[in-house]
Amino acid sequence: MEYLKRSATCGELRATDAGKSVVLNGWVHRKREHGPITFLNLRDRYGVTQVVVEADAAAALKAAAGELKYEYCVAVKGTVRARPDTMVNPDMATGAVELVAEELQILTRCDTLPFMVDEKSDAKEDLRLKYRYLDLRSFSMQDKIRLRHEVAFAVREHLVGKGFYEIETPTFIRSTPEGARDYLVPSRLYPGKFYALPQSPQLYKQILMVAGMDKYFQLARCYRDEDARGDRQPEFTQIDIEMSFVKRDDVLELVEGMMGHVFQKTLGVELPAKFRRIAYDESIELYGSDKPDLRFAMEMKDVGEFATRSGFQAFKDALAEGAARQAAAKSKGITQEGGAVKALVVPGKADYSRKQIEELEAAAKIYRAKGMAWMKVNAEGKLEGGASKFFAGETAPAGLEAELVAYLGAKPGDLILMVADSKRRVACVSLGAVRSKLGKDLGFCDPKKFEFAWIVDFPMFEYNEEEEKWDTAHHMFTMPQEKYHPTLESDPGAVKGDLYDLVMNGFELASGSIRIHDPELQKRIFSIVGFDPAEAERKFGFLTEAFKYGPPPHGGIAPGLDRLVMLMAGETSIKEVIAFPKNSFAVSPMDESPNEVDAKQLEELSIRILEAPDGAKTVEIRK
RNA sequence: GGGGGCGUGGCGAAGCUGGUUAUCGCGCCGGCCUGUCAAGCCGGAGAUCGCGGGUUCAAGCCCCGUCGCUCCCGCCA
C-alpha cells in the first residue's frame, strides 16, 4: 500500500497553520486515552506535534489509534486546529495547535522497548549502545549529533574561507614506529604483509606541504589501539590542519579564529579573539597539569623554602632525596628536576572534615603522592591542626608561621593542603589532581563556561630512566626552538620544542607543532634519540626522500573534533557525541565487533588461528 | 598490567546485623475514564537476585573463583 507521505514535519506547525490539511509522518512518542478521545504525541527529528483522534472519529480510525503503542512508525492525515487558550501547551514549540486526525496508517510496529525513548531514560550505557538506534531517537542525542554536524560544517566553512583545501589521505598506510599501537590490516595479495590504519595523517600532511598544497585540512579519522577512556576511543576524528611558510603564531591565530567562528555559529557564544598562552613549566607549577581547567584560579604555590626551614622531616627528606638525584644526574650531564613541596589554599574550607580531606588525599595518591598534609587557618589567622606544629607555635622557628600565611595569602577560615615529593612533577601533578577535584566539588566547573588557553614551550625530550636514553616527548618531526639549536646534543633536557597544545576546561583539545624541514637538523634529532640512520631510512624513508626535494618550512595542528563537541555539549564522555562508539573494551555492543570471520576469509589472507590448551588464541600468518 | 564502583522481572533502583511469600517506580497485558500533554484510576502477568563453588539450620546479603559493564592509573609520539 502506498503510504501517506508527509507534507509537514512534527516541529513546524503553528497557530497560523490552522485550517490546513496536512500529513505527518513520525513515531508515537506518547499516547493518552480518555475514553473515546485519544491524544498522540507524534515525534520526528524536528519536534513533537499533538494529534487528536476525536470521539466521533470513524471506526477504522479509532481502531487504528487503539492499536498504537510506543514507537510505532505512523502516518497521520488531518486538519490543523488552533487549540483553545486554556489547552495551549507553552512547553511545546507546536503547543498552540493540534492535528485532528482523519486518516491514520500504521507504517511499522515496534516491539516492547528495552528502554523508553526519552531524555530522562536512565538506561545504562551498555544497553544504550546495544540499541543505539533507539537511543539516538531521543532529542538529547539528536541535539548532540546535530551540534557535531554543525561544528564540522562551521569548521569547513571557516577553513575553506581561509584558502584551505580539504584533501583526503589514505586509511591503509605503512606502519611507522613510535607512538600508539597500530591497528593492522592483513594483505591478501602479499601474505605476511600488513597495512596499518593511520594514528593520524601526520606524514601525509607534511608531504602535502612538500607537494606545494600550502594549506591543507581534513576531518580525519584516526585509529589507535590503546585502552579507551572517557575522552578516548579507538577511532576518533581530528580536524587535521597543516600550513606552509608559517610560524607558531600563524597557526595559533588561525585556530583562535576558527574556534571563534565555530562557537559563534553553533552556540552563539563569543570567544575572546586571543587565548591565554601559558608555558608548559608554568602550567605544571600553577595547576599541576598540562591541560589545566582555567574556569577557576586556585593556583598552587611552591613552599619548598618554608619546608626546609620547618621541622617537617618527611618534607625535608623528600627535598633532600630529590636534590641528591638531581645532582647525580647532573654529574652525568643530564638536566633533571629535583623535589618539591607544593601548597594549595582552599578558601573558606577550614570546616572540611577529616573524611573530606582524606578523599582529597586519595585523589593525590592516584598520581603517586605518598600523602597529603593539611593545616587550617583559624579566626586569628594562626595555623592549626594537621601539620601546623611544624610551621607554627613554639616548636617552629620564630616568624615562620606569619611569613608562610602571608606568602600563601591565606585568610582565616582557609584550608591549606600540601604535597611533597622527591620528584617535582609528582608533587605538582598529584596536588593538581586535588585542585581539579576541588574545582568539581566546589561547583567551579560550569559546563557553559569555555576557558581556552595555549600551552606552549613544551620540553622537546624526556629522559627514559629505564633505557638510560632520551626520547622525543612528541613526534620526531617537531622543530626545536631556534635558540636551543646550538645546545641540542649538549643539554637535551633543557630544549624546548616549537610545540603548542590548545586546552579547554581541563581537556587537551589540540596539539601541534612547527615541523623540521631541514634534513640535517632532522638527522641530529634522530641521533639524539638513538634512531640510527639506517633504521630511520627504512622506516621513514619516503619522508626523508621527499624532504630532499625542497620542502617548505611548515607547521600544523590537529584539534580533536570529538572532544570539542563533547565540551560544547556539556558532556564528559566523547561517546555521547559519536553516533556509534565502541565501549571501554573497544567492543561495539550493537554489531558485536570485533567478531570471528569465516575460515575462507582467513585462508585467502593466509591466516590461521591457533588455540592453546588454555584457550589462548594466536594468529599464525603464512608468509 | 593495576585500582575503585556496579551486576536484583523488559528498564531504573531498594533490600538493615544472614531469617517467613524479594519491595518500589517506569514499561508490558486487561479494564475504566470526553481535553490530556511524564494524563489519571482499578486489576494482572513477569525474577533460576550475572555465573560457578563454599560457609551456615538458613545466603540477594558472608567467603573464594569467574564473566560482563563502568570510571580511573599505566598506556595514548
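Keep in mind that this is a model prediction, so the values were computed, not measured. Just the heavy atoms: all of them, side chains too, but no hydrogens, waters or symmetry mates, feed the values below.
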Count the heavy atoms belonging to other residues, nucleotides or ligands that lie under 6.0 Å from NZ of A:K423, then report whether that count exceeds 12.
no
Per nearest nucleotide of RNA chain B, the residue lying toward the 5' end, A:D91 or A:P114, is A:P114
Under 30°, 30 to 60°, or over 60°: which ring-plane class applies to A:F540 and A:F531, parallel, tilted or perpendicular?
tilted
So what's B:rU17 paired with, Watson-Crick or G-U wobble, going by both distances under 3.5 Å?
none
side-chain N/O A:R32 vs B:rG35 OP1/OP2, d < 4.0 Å:
no
Go ahead and name the base partner of B:rC51; Watson-Crick or wobble counts if both distances stay under 3.5 Å, otherwise write none.
B:rG65
So for atom OH, which belongs to A:Y223, do other residues, nucleotides or ligands contribute more than 12 heavy atoms lying within a distance under 6.0 Å?
yes
Residues two or more places apart in sequence or in another chain: which of them pass side-chain contact (heavy atoms from CB on, under 4.5 Å) with A:R30?
A:R32, A:N41, A:Y70, A:M116, A:D118
Between A:Y287 and A:D293, do the side chains contain an N or O donor and an N or O acceptor separated by less than 3.5 Å?
no
How close or far is atom P of B:rC75 from atom CG of A:D471, stated in whole angstroms?
12 Å
Going by 5.5 Å between centroids and 30° between planes, is there a stack of A:F115 over B:rC11?
no
For nucleotides B:rC32 and B:rU8, find the distance between their P atoms and express it as a whole number of Å.
36 Å
Output a table of nitrogen or oxygen pairs between the protein and nucleotides 65-70 of chain B separated by less than 3.5 Å.
unit_1: B:rC69; atom_1: OP1; unit_2: A:N583; atom_2: ND2; d: 3.2
unit_1: B:rU70; atom_1: OP1; unit_2: A:E125; atom_2: OE1; d: 3.4
unit_1: B:rU70; atom_1: OP2; unit_2: A:S584; atom_2: N; d: 3.2
unit_1: B:rU70; atom_1: OP2; unit_2: A:S584; atom_2: OG; d: 2.4

Under 4.0 Å, counting only non-hydrogen atoms across every strand here, what does A:I366 touch: a base, just sugar-phosphate, or nothing?
sugar-phosphate
Going by side-chain contact (heavy atoms from CB on, under 4.5 Å), name the residues that satisfy it together with A:V429, two or more places apart in sequence or in a different chain.
A:Y367, A:R425
Pairwise C1' distance for B:rU48 and B:rG60, with rounding to whole Å:
12 Å
Rounded to whole angstroms, how far apart are NE2 on A:H29 and C1' on B:rU36?
15 Å
Is it the case that the side chains of A:Q50 and A:T94 hold a donor-acceptor pair, with the cut-off being a distance below 3.5 Å and no angle test?
no
With P as the reference atom in both, quote the distance from B:rG9 to B:rC49 in angstrom, rounded to an integer.
9 Å
Report yes if a donor N or O on one partner sits less than 3.5 Å from an acceptor N or O on the other, where the partners are the side chain of A:R83 and the base of B:rC37; otherwise report no.
yes
Between B:rA77 atom P and A:D240 atom CG, what is the distance in whole Å?
14 Å
Under the 3.5 Å rule, do the base of B:rC76 and the side chain of A:R232 count as making a donor-acceptor pair?
yes
A:H29: ring-ring contact (aromatic ring centres under 6.0 Å, His included) partners, not counting sequence neighbours:
none
Pairing partner of B:rA45 (Watson-Crick or G-U wobble, both distances under 3.5 Å):
none
By side-chain contact (heavy atoms from CB on, under 4.5 Å) - contacts of A:S593 (at least two apart):
A:K582, A:S588, A:D591
Which ones in residues 51-65 of chain A lie close to RNA chain B, meaning a heavy atom under 4.0 Å from one of its atoms?
A:E54, A:A55
Without swapping roles, check the side chain of A:D421 against the backbone of A:R424 for a donor-acceptor pair under 3.5 Å.
no
Gap between atoms CD and P, on A:E576 and B:rC71 respectively (whole Å):
10 Å
Residues passing the ring-ring contact (aromatic ring centres under 6.0 Å, His included) test with A:Y484, sequence neighbours excluded, are none
How is A:S430 classified with respect to the nucleic acid when contacts are heavy atoms under 4.0 Å: base, sugar-phosphate, or nothing?
nothing
Side-chain donor or acceptor of A:R83 paired with backbone N/O of A:V97 under 3.5 Å:
yes
According to a strict under-4.0 Å criterion, is A:R229 in side-chain N/O contact with OP1 or OP2 of B:rC75?
no
Report the distance from atom OH of A:Y72 to atom C1' of B:rC28, rounded to the nearest whole Å.
12 Å
Counting the atoms with a prime plus P, OP1 and OP2 as sugar-phosphate, which does A:A362 contact under 4.0 Å by heavy atoms, base, sugar-phosphate, or nothing?
nothing
Taking N or O atoms only and anything under 3.5 Å, show me the protein contacts with nucleotides 22-26 of chain B, one pair per line.
none

For the residue pair A:H475 and A:F477, categorise the inter-ring angle as parallel (less than 30°), tilted (30 to 60°) or perpendicular (more than 60°).
tilted
Could you tell me how far B:rA13 sits from B:rG19 if I compare only their P atoms? Round to whole Å.
23 Å
Sequence neighbours left out, what passes side-chain contact (heavy atoms from CB on, under 4.5 Å) with A:A228? Give chain and number order.
none
Atom-to-atom span, CZ of A:F39 to P of B:rG40 - whole angstrom:
14 Å
Determine the Euclidean distance between corresponding C1' atoms of B:rA38 and B:rC26; express it in Å to zero decimal places.
10 Å
Which residue pairs pass the salt bridge (Lys or Arg N to Asp or Glu O under 4.0 Å) test with at least one member in residues 508-517 of chain A, sequence neighbours excluded?
A:E242-A:R515
Base, sugar-phosphate or nothing for A:R81? Non-hydrogen atoms, less than 4.0 Å.
base
Do the side chain of A:R368 and the base of B:rG74 come within less than 3.5 angstrom through a donor-acceptor pair of N or O atoms?
no
Can you tell me how far P of B:rG9 sits from CG of A:L127, to the nearest Å?
12 Å
What interatomic distance, in whole Å, is found between C1' of B:rA59 and the corresponding atom of B:rG15?
13 Å
According to ring pair (Phe, Tyr, Trp, His ring centres under 6.0 Å), does anything in residues 36-68 of chain A pair up with another residue at least two apart or in another chain? List the pairs.
A:H34-A:F39
Give one of base, sugar-phosphate or nothing for A:E98, where a contact means two heavy atoms less than 4.0 Å apart.
base
Which atoms of nucleotides 29-33 of chain B (N or O only) lie under 3.5 Å from a protein N or O atom, and what are those distances?
unit_1: B:rC29; atom_1: OP1; unit_2: A:K69; atom_2: NZ; d: 3.3
unit_1: B:rC33; atom_1: N3; unit_2: A:E33; atom_2: O; d: 3.4
unit_1: B:rC33; atom_1: N3; unit_2: A:G35; atom_2: N; d: 3.2

Just call it for A:G95: base, sugar-phosphate, or nothing, with non-hydrogen atoms closer than 4.0 Å on any strand.
nothing
Considering only heavy atoms and no angle criterion, is a donor-acceptor pair shorter than 3.5 Å present between the side chain of A:N89 and the base of B:rC37?
yes
Assess whether a salt bridge exists between A:R132 and A:D135, defined as any Lys/Arg side-chain N lying under 4.0 Å from an Asp/Glu carboxylate O.
yes
Considering only atom P, compute the distance from B:rC73 to B:rG12 and round it to an integer number of Å.
26 Å
Could you check how far CG of A:D227 sits from P of B:rC71, rounded to whole Å?
12 Å
Say we look at B:rU23 and B:rA45: how far apart would their P atoms be, to the nearest angstrom?
12 Å
